[in-house]
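One structure below.
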Amino acid sequence: MSDKTQRHDLVAERRAKLQALREEGFAYPNDFRPDAAVDAVVSTFGDLDGETLEERGVEMRIAGRMMTRRVMGKASFAHLDDGSGRLQIFVKRDALGDEGYAGFKQLDLGDIVGVEGSLFRTKTGELSLRVSSLRLIAKCLRPLPEKFHGLKDPELRYRRRYLDLIMNPEVRDIFRKRAEMLRVARGLLDAQGFLEVETPMMQPLAGGAVARPFTTHHNALDIALYLRIAPELYLKRLVVGGLQRVYEINRSFRNEGVSTRHNPEFTMLEAYQAWGDCASMMELAECLLQTLVADIAGTSTLEYAENTLNFSADFRRVTLTDAVLEACPELETKDTRNTARLIEVLQARGLEPPPATGWGKLLVALFEHTVEPTLIQPTFVTDYPLEVSPLSRAQDGDAEMVERFELFIGGREIANGFSELNDPEDQARRFEAQLRERAGGDEEAMLFDHDYVRALEYGMPSTGGIGIGMDRVAMLLTGSESIREVLLFPLLRPEPESD
RNA sequence: GGGCGGUUAGCUCAGUCGGUAGAGCAGUGGCCUUUUAAGCCAUUGGUCCAGGGUUCGAGUCCCUGACCGCCCA
């Protein structure tokens, strides 16, 4: 026998059983309809004692995947998982007949079966279904992972997420929570009069963020297109157009590495509010996070990576400059805009200063290394340098600083918001500065979006905007320390030939 | 890109000093009418990630590479 054939023995045995069913004409029936879901059955009848159940004679049809099995000579127990929960079934030869019971014994773990019967309680008190008839609905041709330890190998879990979902119920819960998170976020924004919109994911110019885009090509128009790195510039065009409160929750794409915190495609919530500003967007972020934690965790705290995150009080606020000064005692207040001194401090800490830049990027680099990992409790960092904020409105009293914040939780950036820059001439100057940086070798610097400036020339109300990394929020809400745990199909290198 | 760890049966994992490759679960055959990681008896199943080297002999030691994970850039 070839190696490959041997490896397939377990599958071959199951295929043979399927073949036998085909010959009887019962391979993949489509006429079984369950009339009850396990979670509903448990919540309706879970409190009744055995006597009451017998008196009521509760009959039902359940369908599910057989996950465990305890076969005895003339009676057996098994657990069916129907996606909502697990219910034990009790199968007796007396009820099914010799042929029926032999058919049950032919089933394999993983098979999807439909059963009909009545509820009862076993000797140990478990709510169970006494089966009067049983049918195979869909054969499981491949053996399931080990029933007790489940599927642990992270690579297999991500590549075959269906198996992960079959074997690890807590994974299903993560994605239910993720869906709930998105529902709650939409509900909150809808209630505040925001309009959900969809703007292009394929853009002729990838703008709105500092990142490298994926490139593609449109054949009929023969033009390059870029997968968006952010929806920002389109959403603000809508504010110009009079849609004064808009939001979008959808994917953006950045052509960067893969890590526990980054996936090339990720889900961002962006919201823009005419007559809002940096301060009102902070309030919105705080309200949204508190609502999500309350609705999904049911409390005002989250356990995350050995920390208890507290969302009950107002989030802490600190300026970027003060945070850096606190973390770097060797830096004096007078030197926070001193390029040479900032480079010294970075190098003294063994950090590579970004090449040929002003004090703004240096100060942010210092912040990212010395402060960011320490911001465990929800913290708004405010007052960012204009140099690193090409779409933000400058502060009235300080031309080198903008009205901007970032929200950090668990040592990670969760949200970024600001008073939008609505002065088209200032915006044009900012784009020009970005082009100079690009010419200086910064491939991530923004391109000049002439139509966006033209839109601003028609007049945009003063506006506040915010972007929230929803994958990272999902990580917090589900206690996941890797972004892959909250993405159904995270990007992996393509699988080599395999069966 | 760098560092560390990993890769052994379908799954979860052992494998000592370099000396015939193991367990549990799953599978197969049998016993068993209240089990629940069911139990009992018997039993099948291996490209030890790949390639090279050292050695009488390599899952084990050395080198190169692949893939995965974690950390750093």
Side-chain angles (χ1 to χ4, degrees), chain A residues 1-17 50 53-54 65-81 86-98 100-102 104-111 117 119-131 139-160 163-164 166-168 256-262 305 346 349-355 365 368-369 372-373 411 480-485 490-499:
Chain A
M1 227 188 292
S2 77
D3 298 324
K4 198 148 197 166
T5 313
Q6 285 205 331
R7 243 185 297 146
H8 276 194
D9 266 353
L10 293 173
V11 177
E13 283 163 4
R14 294 185 178 212
R15 278 194 197 281
K17 292 178 185 174
L53 284 172
E54 299 289 355
R65 189 185 297 279
M66 189 166 69
M67 300 302 292
T68 66
R69 195 169 50 147
R70 295 166 291 285
V71 178
M72 293 164 287
K74 302 184 182 66
S76 299
F77 289 92
H79 275 106
L80 299 189
D81 183 327
R86 284 190 188 189
L87 184 70
Q88 181 170 260
I89 62 172
F90 182 45
V91 181
K92 283 201 296 185
R93 193 183 63 177
D94 293 352
L96 294 188
D98 286 348
Y101 192 67
F104 169 78
K105 289 207 279 189
Q106 279 288 301
L107 295 177
D108 289 294
L109 287 180
D111 285 352
L119 284 180
F120 75 110
R121 262 182 207 289
T122 63
K123 204 155 71 177
T124 57
E126 180 167 347
L127 185 68
S128 305
L129 194 74
R130 185 186 292 112
V131 171
K139 186 76 190 159
C140 180
L141 290 173
R142 291 168 178 265
L144 292 181
E146 210 255 341
K147 64 185 173 189
F148 186 64
H149 297 94
L151 182 65
K152 289 196 166 165
D153 177 11
E155 185 179 359
L156 271 181
R157 287 186 49 231
Y158 301 144
R159 286 197 193 281
R160 305 190 193 171
L163 261 190
D164 189 29
I166 288 170
M167 297 308 299
N168 301 318
E256 292 162 3
V258 172
S259 77
T260 49
R261 301 172 191 203
H262 297 91
L346 277 163
R349 288 172 171 265
L351 304 169
E352 186 68 25
E368 284 173 354
H369 285 98
E372 187 170 327
S480 305
E481 293 189 44
S482 167
I483 195 171
R484 296 188 195 106
E485 293 297 330
L491 182 72
L492 299 175
R493 192 175 293 276
E495 190 175 15
E497 189 193 347
S498 149
D499 56 14

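Naming: A, B, ... by sequence-line order, numbering from 1 per chain.
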- Query: Does A/K74 have any side chain to side chain contact (heavy atoms under 4.5 Å, CB included) partners at least two apart in sequence or in another chain, and if so, which?
  - Reply: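 Partners of A/K74 under the side chain to side chain contact (heavy atoms under 4.5 Å, CB included) test: A/R93.
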
Expressed as a whole number of angstroms, how long is the span from [X]:[atom1] to [N]:[atom2]?
{"X": "A/R121", "N": "B/U35", "atom1": "CZ", "atom2": "P", "result": "16 Å"}
{"X": "A/H79", "N": "B/U34", "atom1": "NE2", "atom2": "P", "result": "16 Å"}
{"X": "A/L492", "N": "B/A66", "atom1": "CG", "atom2": "P", "result": "18 Å"}
{"X": "A/R130", "N": "B/U34", "atom1": "CZ", "atom2": "P", "result": "13 Å"}

- Query: Which part of the nucleic acid, if any, lies within reach of A/K152 when heavy atoms closer than 4.0 Å are counted: base, sugar-phosphate only, or nothing?
  - Reply: sugar-phosphate

- Message: At 4.0 Å (heavy atoms only), tell me whether A/D153 reaches a base, stays on the sugar-phosphate, or touches nothing.
- Response: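 Sugar-phosphate: the residue A/D153, judged by heavy atoms under 4.0 Å, touches backbone atoms but no base.
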
Looking only at atom [atom1], what distance separates [N] and [M], rounded to whole Å?
{"N": "B/G53", "M": "B/U60", "atom1": "P", "result": "14 Å"}
{"N": "B/C71", "M": "B/A9", "atom1": "C1'", "result": "33 Å"}
{"N": "B/C32", "M": "B/C49", "atom1": "P", "result": "43 Å"}
{"N": "B/A14", "M": "B/C67", "atom1": "C1'", "result": "23 Å"}
{"N": "B/U8", "M": "B/A58", "atom1": "C1'", "result": "14 Å"}
{"N": "B/A50", "M": "B/G3", "atom1": "P", "result": "24 Å"}
{"N": "B/C25", "M": "B/U34", "atom1": "C1'", "result": "23 Å"}
{"N": "B/C68", "M": "B/U54", "atom1": "P", "result": "32 Å"}

- Message: Can you list everything that forms a ring pair (Phe, Tyr, Trp, His ring centres under 6.0 Å) with A/Y101? Sequence neighbours excluded, please.
- Response: none

- Task: Please list, chain by chain and in numerical order, all residues satisfying ring pair (Phe, Tyr, Trp, His ring centres under 6.0 Å) with A/F77, sequence neighbours excluded.
- Result: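 For A/F77, the residues satisfying ring pair (Phe, Tyr, Trp, His ring centres under 6.0 Å) (neighbours in sequence not counted) are A/F90.
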
- Is any side-chain N or O of A/R484 closer than 4.0 Å to OP1 or OP2 of B/G69? yes

- Do the side chain of A/Q88 and the base of B/U35 come within less than 3.5 angstrom through a donor-acceptor pair of N or O atoms? yes

Polar atom pairs between nucleotides 4-8 of chain B and protein, under 3.5 Å, N or O only, would you list them?
none

Tabulate atom names and distances for all N/O pairs under 3.5 angstrom spanning the protein and nucleotides 71-73 of chain B.
from: B/C71; atom 1: OP2; to: A/T260; atom 2: OG1; distance (Å): 3.3

- Query: Should A/R69 and A/D108 count as an ion pair when the cut-off is N to O under 4.0 Å?
  - Reply: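 No, no charged N to carboxylate O under 4.0 Å.
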
- Item | Basic-acidic side-chain contact under 4.0 Å: A/E54, A/R130 |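 Judged by the 4.0 Å cut-off on N to carboxylate O distance, A/E54 and A/R130 do form a salt bridge.
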
- Task: Report the C-alpha distance between A/E485 and A/R157 in whole Å, list the side-chain angles of each, state the deciding distance to 0.1 Å, and finish with yes or no for salt bridge (charged side-chain N to carboxylate O under 4.0 Å, His left out).
- Result: CA-CA 10 Å; A/E485 293 297 330; A/R157 287 186 49 231; 2.9 Å; yes

The side chain of [X] is closest to which nucleotide in this list: [options]?
{"X": "A/K92", "options": "B/U33, B/G69, B/C67", "value": "B/U33"}
{"X": "A/R70", "options": "B/U35, B/C32, B/C11", "value": "B/U35"}
{"X": "A/L156", "options": "B/G69, B/U33, B/C11", "value": "B/C11"}
{"X": "A/F90", "options": "B/G69, B/U12, B/U34", "value": "B/U34"}
{"X": "A/E155", "options": "B/U35, B/C67, B/C11", "value": "B/C67"}

- Near A/R349 CZ, under 6.0 Å, is it more than 12 heavy atoms from other residues, nucleotides or ligands?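 Yes - once you tally the heavy atoms of other residues, nucleotides and ligands closer than 6.0 Å, there are more than 12.
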
Could I get a table of every N or O pair under 3.5 Å where one atom is in the protein and the other is in nucleotides 25-29 of chain B?
from: B/C25; atom 1: O3'; to: A/K147; atom 2: NZ; distance (Å): 3.3
from: B/C25; atom 1: O2'; to: A/E146; atom 2: OE2; distance (Å): 3.4
from: B/A26; atom 1: OP1; to: A/K147; atom 2: NZ; distance (Å): 2.9
from: B/G27; atom 1: OP1; to: A/R69; atom 2: NH2; distance (Å): 2.9
from: B/G27; atom 1: O2'; to: A/E13; atom 2: OE1; distance (Å): 2.1
from: B/G27; atom 1: O2'; to: A/E13; atom 2: OE2; distance (Å): 3.3
from: B/U28; atom 1: OP1; to: A/K17; atom 2: NZ; distance (Å): 2.8

